[in-house]
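Shown next, in structure tokens, is the structure this report addresses.
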Amino acid sequence: MSRRTFTMIKPDATEKGHTGAILNMINQAGFRIIAMKMTKLSAEKAGEFYAVHKERPFYGELVEFMSRGPITAAILEKDNAVEDFRKLIGATNPAQAEEGTIRKKFAASVGENAIHGSDSNENAGIEGDFFFSKLEQF
Ligand code: ATP
Ligand code: MG
């Protein structure tokens, strides 16, 4: 599992038509897509996915945002996938994201920040399995 990470292109980026450009950046950075689907989270499912943030003041806003429109979920493969993908997406707050990162290019704010990336190998596995059966992971 250490060569895999999980990502979601969030509703803001979907609405703005950035899905194709973001997938292109992901491929250009050397990640192989081994599972992918466009889907929409219910508020309940979004809450479950981000349950770790339940006690944070922005949780309600986060759940509402993540369930307001379609997302693209994908499992990605590359050496050092989790760390390298966090570098590619950039800081949570786009104002602090480095030049050339996905969030610098496409994120509007700390809340609506275009893309998710797993923060550990363990979570990459849990999050990938949240969206994809083993039969859908290539
Ligand atoms: P993600 O888990 O989506 O990849 P992250 O790991 O960079 O993002 P987290 O701290 O896990 O950041 O926060 C999860 C998500 O919650 C953020 O991506 C953002 O959409 C939202 N969020 C985080 N902090 C804030 C905040 N201060 N105000 C509003 N929304 C926030
Ligand atoms: Mg996170």
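Bear in mind that the values here come from a model prediction, so they are computed numbers and not experimental data.
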Apply the side chain to side chain contact (heavy atoms under 4.5 Å, CB included) test between Leu23 and each candidate in Gln28, Met36, His18; give the one that qualifies. Met36
In terms of side-chain geometry, is the basic nitrogen of Glu48 or Lys45 positioned less than 4.0 Å from the acidic oxygen of its partner? yes
For the CD atom on Glu15, are there more than 12 heavy atoms of other groups (residues, nucleotides or ligands in this structure) within a distance under 6.0 Å? yes
Would you kindly check if the NZ (Lys) or CZ (Arg) of Lys16 is within the cone defined by 45 degrees around the ring axis of Phe106 and under 6.0 Å from the six-membered ring centre? no
Quick check against the 3.5 Å criterion: does Ser118 have a side-chain atom that pairs as donor or acceptor with the backbone of Ser120? no
Side chain to side chain contact (heavy atoms under 4.5 Å, CB included) partner of Ile115, chosen from Leu88, Thr101, Ile89: Ile89
Can a salt bridge be assigned to the pair Glu112 and Arg68 using a cut-off of 4.0 Å between side-chain N and carboxylate O? yes
Taken to the nearest 0.5 Å, the spacing of Ile22 CD1 from Thr14 OG1 works out to 8.0 Å
For side-chain contact (heavy atoms from CB on, under 4.5 Å), just list the numbers for Tyr50 and Val63, CA-CA rounded to whole Å, side-chain angles, deciding distance to a tenth of an Å, and then say yes or no. CA-CA 8 Å; Tyr50 279 113; Val63 167; 5.6 Å; no
Hey, is Asp129 close enough to Lys134 for a salt bridge, meaning N to O under 4.0 Å? yes
Hey, is Arg86 close enough to Asp119 for a salt bridge, meaning N to O under 4.0 Å? no
Taking 4.0 angstrom as the limit, do Glu136 and Lys37 come out as a salt bridge? yes
Shared ILVMFWY cluster between Leu41 and Phe58, side chains joined below 4.5 angstrom? yes
Other residues, nucleotides and ligands only: do more than 12 of their heavy atoms fall within 6.0 Å of NZ on Lys105? no
